[in-house]
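Order of appearance sets the numbers: ligands from 1, and atoms from 1 within every ligand. In what follows, every heavy atom counts, from backbone to side chain, and hydrogens, waters and symmetry copies are set aside.
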Amino acid sequence: MTSYEDKVPGAVGQADQPHLDSALAGAIFAAAVDAILVVDGQGLIQAANDAALVCFGYAETELLGRNISILMPRSDAVRHDAYMHDYQHTGKRKIIGIGRELMGRRKSGDLFPLHLSISEFQFNNQRMFVGICHDISERHRLSEQVAFLASYDSLTGCLNRHQFQQSLSEAMRPYQTDGQRQAVLFIDLDDFKAINDNHGHGGGDRLLRQAAERLRGALPKSCLLGRVGGDEFAVLMPFDGGMNRASEIAHQLLHALRKPFDIDGRLLTVRASIGISLFQGGCQTADDLLNEADMAMYQAKRDGGACVRFFDQTLRERAERTYRLLTRLRQAIEAQSFELHYQLQVDLQTRQPTGIEALLRWRDEGGQLIAPDEFLPVAHAYGLMPEIDRWVLQRACRDNMTLIRSGVLDVPVAVNISVPSFSAADFVSRVRQTLADTGLPPERLALELTEETAMSSLKQVRQNSDLLIRAGVSLSIDDFGVGFSSPSRLKELHFHTLKIDRSFVAGVPQSSSDVVIIQATLGLAAALGMRVLAEGIETAEQAEYLCSLGCAQGQGYWFARPLPLAQLQQRLAAQEAPDGTDEAG
Ligand code: C2E
Ligand code: MG
Ligand code: MG
């Protein structure tokens, strides 16, 4: 290229200033990383360094003598000419001396952001300008990316939670007083955790991306879609068509999710639950509205999922009650204010004990015993089961060891285990550790799983079952008959015992359908080599009838209520015949 000195000889200083060696000045000009352009008073380019040629994409011969405006977007070029004219005549500076961000235009026509500083100098009594510019495209790209990430969810391209709430607040503000209505839809994919567990987080992510795409496609343009949690989406819609319209859109969304998703070549069916809350003016905040839609969504889940529910005040009261219970429950876990009561399981023919079942009780601040049905659903919903199950397992093994050592009873203790505990990767090692810590032989421990756990397709559940059975621990399916068990799955599992749910026992012997179900269960168990225990036996008639049907074991108030360890010990030691004594409170 033409050097700076060739083009602008002696250009490095004014006559009265000390001269910088012109060869050195030329070398600096050529080596500069930033683009340097020298322009005369008419705006014609007099010199351009290599960096300028690379930056704008011209050969030197294409630039020299051309008006500098070819390097600008057309709209700026017009303004630039006006500034030059102004400056020549009035001396008013618009851009000279100021570093600023502008757009440049490459030879290809592409526009790009640049940082430019211009200074003026006199050369041979001529006014000249030197512009130093730096291509800041990369910086712009990064800040756009940061801005995107601050507002959007990078996985699905939906608004993120923060931005969704922000947009919701903004949409609500003008209508806080005039009663204009907005609706928020809260969408949660049912059983998404199982998809993550079975297909890995990559599979889960692919599903979320496709689900977001379908939701977007099913929404009218006037709606905003946000991803507000792992598998949770929210929609903000102008509520102009009334509740029917909101419900119609929610059903459109359910419909859009209905077709199976193709995840790595496997077709997965995903259902969703949707809650809707309405804003009708007033002092509700975006948070309130989102929470209400969330509560309605939980109601949809409680109602079996794959449905739509509207928020109403009773849901708030229920949520507040749950929250109070949850707070107390957390404190109870902390303070270990739980107890275990034990209920005998007996041989229906000999009436001899065959096992005991550990049943959890919570003694509240007032000394009252709270039954598990009251607090376990909350513990389940808020992820507290693993902690509770851990405590129960430890205590039940220890107590059974105490019973065995005291010589009054030597049978297995049955411990109820929830799905989250049983599907944990470290569950088997924890059981082994507990047995080692307490000295209880594995044959003296039985674990009771619900049908849901036993039939779960989770690999870990299957693996844990196999390992525990091999270790000598027996496994039972609790409340059999109320869930969905597949006989072929039962055959693979090698569980020891089926516990017939007490709802069937309650109908014995009057209800012919209950009797038929029990007979079918006995037949199935016999075919699979499993033992059967009937739960909830409350009368002598039930006990005898079940025994006559061929059911080997039973459990229920007729034989014994659940009792604290000490009372059970006393009763066994006194060798009292089990009767219907009330559970100690
Ligand atoms: P489950 O495992 O099926 O336990 C049997 C339930 O039936 C117990 O209720 C017991 O008190 C009750 N029961 C026993 N005999 C009779 C009877 O003759 N008639 C009637 N009506 N009921 C009878 P409980 O103790 O209230 O426990 C309810 C459920 O809570 C249990 O059902 C079990 O699913 C769960 N649970 C109890 N303790 C634990 C625990 O330590 N961990 C876990 N994960 N779940 C537990
Ligand atoms: Mg049980
Ligand atoms: Mg049961």
Is a side-chain N or O of S247 found less than 3.5 angstrom from the main chain of M243, in a donor-acceptor match?
no

Report the member of P372, S418, A358, A371 with the shortest heavy-atom distance to atom 37 (C) of ligand 1.
P372

Taking only non-hydrogen atoms of V392 and a 4.0 Å limit, the atoms of ligand 1 in range are 41 (O)

Please list, in number order, the atoms of ligand 1 under 4.0 Å from a heavy atom of D389.
42 (N), 43 (C), 44 (N)

Counting from 1 in the order shown, the ligand 1 atoms closer than 4.0 Å to a non-hydrogen atom of M385 are 44 (N)

Nearest non-hydrogen partners of F559 and A543, listed with the distance
CZ-CB, 3.8 Å

For Q343, the ligand 1 atoms with a heavy-atom partner under 4.0 Å come out as 14 (C), 15 (N)

Atom of E535 nearest the Mg ion (ligand 3) (restricted to N/O/S, atom name only):
OE2

Closest N/O/S atom of E357 to the Mg ion (ligand 2), by atom name?
OE2

With respect to atom 31 (C) of ligand 1, which of T450, L359, L344 exhibits the smallest heavy-atom separation?
L359

Donor-acceptor pair, E387 side chain versus L384 backbone, under 3.5 Å?
no

Does ligand 1 have any atom sitting under 4.0 Å from a heavy atom of E357?
yes

I'd like to know if the side chain of T453 pairs up with that of T450 as donor and acceptor (distance under 3.5 Å, no hydrogens or angles considered).
yes

Applying a heavy-atom cut-off of 4.0 Å, say which part of D501 lies close to ligand 1: side chain, backbone, both or neither.
neither

For the residue pair P353 and V411, what are the closest heavy atoms and their distance?
O-CG1, 3.7 Å

So, the side chain of N198 versus the backbone of I195: is there a donor-acceptor pair under 3.5 Å, distance only?
no

Name of whichever N/O/S atom of D479 is nearest to the Mg ion (ligand 3)
OD1

Do the ring planes of W362 and F375 sit parallel (below 30°), tilted (30 to 60°) or perpendicular (above 60°)?
perpendicular

Using a 4.0 Å heavy-atom cut-off, say whether H341 meets ligand 1 through its side chain, its backbone, both or neither.
neither

Can you list the ligand 1 atoms lying under 4.0 Å from a non-hydrogen atom of P562?
11 (O)

Closer than 4.0 angstrom: is that true for some heavy atom of R361 and an atom of ligand 1?
yes

Which of the numbered atoms in ligand 1 are below 4.0 angstrom from a heavy atom of E538?
17 (C), 18 (O), 19 (N), 20 (C), 21 (N)

Does the cation-pi check pass for R561 over Y557, that is, NZ or CZ under 6.0 Å from the six-membered ring centre and within 45° of its axis?
yes

Please find the pair of heavy atoms, one from L315 and one from R302, that lie closest to each other, and give the distance.
CD2-NH2, 4.0 Å

Would you check if the side chain of D364 reaches a backbone N or O of Q368 as a donor-acceptor pair within less than 3.5 Å?
yes

Using a plain distance cutoff, I'd like to know if Q555 has any nitrogen or oxygen under 3.5 Å from a nitrogen or oxygen of ligand 1.
no

For E448, what is the atom name of its N, O or S atom nearest to the Mg ion (ligand 2)?
OE1

Within less than 2.8 Å of the Mg ion (ligand 2), any N, O or S from N416?
yes

Sub-4.0 Å atoms of ligand 1 with respect to non-hydrogen atoms of L376
30 (O), 35 (C), 36 (N), 45 (N), 46 (C)

Do any of the N/O/S atoms of D478, backbone or side chain, fall under 2.8 Å from the Mg ion (ligand 2)?
yes

Non-hydrogen atoms of R561 versus ligand 1: any pair closer than 4.0 Å?
no

Kindly confirm or rule out a cation-pi arrangement of R395 over F338, judged by NZ or CZ under 6.0 Å from the six-membered ring centre and within 45° of its axis?
no

What closest approach, in Å, do A256 and A218 show between heavy atoms, and which atom pair accounts for it?
CB-CB, 3.8 Å

So do the side chains of T438 and D399 get within less than 4.5 Å of each other, counting heavy atoms only?
no

What part of V415, side chain, backbone, both or neither, has a heavy atom within less than 4.0 angstrom of ligand 1?
neither

Heteroatom distance test (N416, ligand 1): nitrogen or oxygen, under 3.5 angstrom:
yes

Ignoring hydrogens and geometry beyond distance, is a side-chain donor-acceptor pair present between Q553 and D347 at under 3.5 Å?
no

Going by heavy-atom distance to atom 39 (C) of ligand 1, choose the closest among L360, D373, V482.
L360

Please identify which atoms of ligand 1 are closer than 4.0 Å to at least one heavy atom of R502.
6 (C), 7 (O), 12 (C), 13 (N), 20 (C), 21 (N), 22 (N), 23 (C)

Judged by atom type as modelled, is there a donor-acceptor pair below 3.5 Å linking the side chain of E451 to the main-chain atoms of V482?
yes

